[in-house]
Amino acid sequence: MTPTHNMRIDAQRLWESLMTMAEIGATANGGCNRQALTPEDGEGRALFARWCEAAGMSVQVDGLGSMFARLPGRENLPPVLIGSHLDTQPTGGKFDGVLGVLAGLEVVRTLNEAGVRLRRPLEIVNWTNEEGCRFTPVMLGSAVFAGVLTREAALAARSPEGAVLADELARLGLDAGAPVGGRVIDSYLELHIEQGPVLEEEGYDVGFVTGGQGLVWYDAHMRGCEGHAGATPMRLRRDALAGTAAFIGDLQALAGRHAPHGVATVGRIEVTPNSRNVVPGETRFTIDVRHPDADTLARMDFEARQAFEQRLNEFGLDGGLEQTSAFAPVAFDAGLLEIIRAQARTLGLSGRDIVSGAGHDACHMARIAPAAMIFTPCVDGLSHNEAEHIHPHWARAGADLLLRSVLAIANRP
Ligand code: HGY
Ligand code: MN
Ligand code: MN
């Protein structure tokens, strides 16, 4: 048996697995479109399951379709979970989420080759609907597992096209009746690309993620009066899109007032009737506001709502804001982070503490067990973009650190 203190993953095999998975839902511009519970997601899930079974793991699927590939331990103790997600944005990249799931598989493949049996069982997780773009809320599978969201609310979630999550599970042959969560886990680790510019700009191999920022999502609509684009004088208009555009400007100013960490985004907008010579009567749009400090996030929530009401009045509109996702900033486990930093030192990897700008399943898991994350840099900090890219040596460094951290954590007394 290989001594564990100098074990490393097989970087070529990991890269090949990443590229094979990226072929599923591949887009013309080099990205991936495997939105949650679509046929493409189903294909990716099936491939992952085949790989896990070939590596000697048994795969369980919970009532929301989250997958748990289990490697038994020497002792029947609560398992260490390592995972992330295989679902992507519609114009997503090859690595967001996928790196964490397939690096977990690579850890098991490496342990098997070395004949190493961990003290605690290990489970690799593929969480359902992490992205939140097809179904809201974001990080839905881990939210129900962690008791942050009810199973009923999750099963009833509807996509913008009207698909219901429960029906999409059934269509993929997944059993919505299977249990979700409610079991003791030892700890949770997630490897993920940073999705921002810091680690690459500062030249670090890895990031020790100390926490995740808080987030509030809203669905908003503004309603005015459709009219003739030529004959309707400006003074008589109730233009829903003009009001929305002014509010979007307010959100930019809101983030600026709470710089450098405050962010605000309108990512999706529908205009009715969306005709070039009709004054828009209605808009429906999404809002995403985030900050690492809870009080500041609450302040941003208040200011956003205030600006929304002011613009409704100013443009003679009615409308509303419905909060659809919200979670507070979260701190990851100091003990796990110390183990990860120590393992990075033995691997000779340079790293720094960093707070995650993106939300991750680890943010929910931290509410029920010690959790921590490892980041790799990504090229130009780009993610949620088909050009998302990491260098193979970054994938190697992150996966090596995940392996060594798993060995230390799963075998600790
Ligand atoms: O929105 C997020 O932070 C994550 O990418 N789902
Ligand atoms: Mn992700
Ligand atoms: Mn993402």
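This structure is a prediction, so every number in the text was calculated from the model and none was measured.
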Check Arg299 with Asp301, please: is the shortest side-chain N to carboxylate O separation under 4.0 Å?
no

Under a 3.5 Å distance rule, please check whether Arg34 uses its side chain to pair with a backbone N or O of Ile24 as donor and acceptor.
yes

What orientation do Trp394 and His391 show, parallel under 30°, tilted 30 to 60°, or perpendicular over 60°?
tilted

Main-chain N/O of His228 paired to Thr232 side chain as donor or acceptor, under 3.5 Å
yes

Partners passing salt bridge (charged side-chain N to carboxylate O under 4.0 Å, His left out) against Glu270 (at least two apart in sequence or in another chain):
Arg268

Plane angle bin for Phe285 and Phe247 - parallel if under 30°, tilted between 30 and 60°, otherwise perpendicular
tilted

Before accepting this row, confirm whether a basic side-chain N of the pair Glu303/Arg257 lies closer than 4.0 Å to the acidic partner's carboxylate O.
yes

Any ion pair linking Glu123 and Arg183 (charged N to carboxylate O, less than 4.0 Å)?
yes

Heavy atoms only: give me the nearest Ala36-Arg134 pair and the separation to one decimal.
O-NH1, 2.9 Å

If we ignore hydrogens and angles and just use 3.5 Å, is the side chain of Gln213 paired with the main-chain N or O of Gly357 as donor and acceptor?
yes

Should Arg352 and Glu202 count as an ion pair when the cut-off is N to O under 4.0 Å?
yes

Trace of the salt bridge (Lys or Arg N to Asp or Glu O under 4.0 Å) decision for Arg404 with Asp400
CA-CA 6 Å; Arg404 296 292 186 80; Asp400 274 341; over 6 Å; no

According to the salt bridge (Lys or Arg N to Asp or Glu O under 4.0 Å) rule, which pairs have a member within residues 232-253, sequence neighbours left out?
Asp250-Arg311

Just by distance, do the side chain of Asn277 and the backbone of Ala229 share a donor-acceptor pair under 3.5 Å?
no

Give a yes or no on whether Asn76 atom CG has more than 12 heavy-atom contacts from other residues, nucleotides or ligands under 6.0 Å away.
no

For Leu118, is there any backbone N or O sitting under 3.5 Å from a side-chain donor or acceptor partner on Asn411?
no

Between Arg341 and Asp353 (salt bridge meaning N to carboxylate O under 4.0 Å), is one present in this structure?
yes

Any Lys/Arg nitrogen of Asp186 or Arg120 sitting under 4.0 Å from an Asp/Glu carboxylate oxygen of the other?
yes

Report yes or no: does Thr283 contribute a side-chain atom to a donor-acceptor pair with the main-chain N or O of Thr244 at less than 3.5 Å?
no

Below 30° counts as parallel, above 60° as perpendicular, anything between as tilted: where do the rings of His85 and His192 land?
tilted

Is the backbone of Leu64 close enough, under 3.5 Å, to the side chain of Arg151 for a donor and an acceptor to pair up by distance?
no

Exactly one of Leu336, Ile374, Ile340 should register a side-chain contact (heavy atoms from CB on, under 4.5 Å) with Phe208. Which one does?
Ile340

Using 4.0 Å as the upper bound for N to carboxylate O, is an ion pair formed by Glu282 and Arg284?
yes

Ring geometry between Tyr188 and Trp127 (parallel below 30°, tilted from 30 to 60°, perpendicular above 60°)
tilted

Can you establish whether the number of heavy atoms outside Met19 located under 6.0 Å from its atom CE is more than 12?
yes

State plainly whether the residues Glu53 and Arg50 are in salt-bridge range, i.e. N to O under 4.0 Å.
no

Does this structure show an ion pair linking Lys94 with Glu388, if we count only N-O contacts that are shorter than 4.0 Å?
no

Heavy atoms of Met365 and Ala371 approach each other most closely as C-CB, 4.3 Å

